[in-house]
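Note that the structure is a prediction, hence the values are computed from the model and not measured. In what follows, residues are counted from 1 in the order of the sequence shown.
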Amino acid sequence: MTPRTLTRQEMYDLVWSKPMTQLAAEFELSDVGLRKICKAAKVPTPGLGYWAKLANGKKVIKTELPTLYPFQSQFLHIGGGSRSR
């Protein structure tokens, strides 16, 4: 997998545009791995049932992207890690 660098805003937009399993497949990660990356970068993700509610016309709540302190990174680095330990 080629490494990718995204801003927190770009990742936020992606995460709220399609289900985590589909997005994770595009990054060649598991949905759990992608959720951990988002959590570490303080990027909120949709909760359980979000996509089902959205598909059925129910009211859904989209969590806003929180502001970070100036010393915190605005970038996420996905992939490029060593597979051997």
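In this structure the side chain of L14 reaches within 4.5 angstrom of the side chain of L6, judged on heavy atoms.
Rounded to the nearest 0.5 Å, atoms CH2 (W51) and CG (N56) are 13.5 Å apart. With values rounded to the nearest 0.5 angstrom, I78 atom CD1 is found 8.5 Å from T5 atom OG1.
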Name each donor-acceptor pair under 3.5 Å that joins a side chain in residues 29-47 to protein atoms two or more places apart or in another chain, with its distance.
| residue | atom | partner | partner atom | Å |
| --- | --- | --- | --- | --- |
| S30 | OG | G33 | N | 2.9 |
| R35 | NH1 | T45 | OG1 | 3.0 |

Using distance only, find each side-chain donor-acceptor pair of residues 57-75 under 3.5 Å and give its atom names and separation, not counting sequence neighbours.
| residue | atom | partner | partner atom | Å |
| --- | --- | --- | --- | --- |
| Q72 | OE1 | Y69 | N | 2.8 |
| S73 | OG | F75 | N | 3.1 |
| S73 | OG | F75 | O | 3.4 |

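Each salt bridge (Lys or Arg N to Asp or Glu O under 4.0 Å) pair with one or both residues in residues 8-26, not counting sequence neighbours, appears once here: K18-E26.
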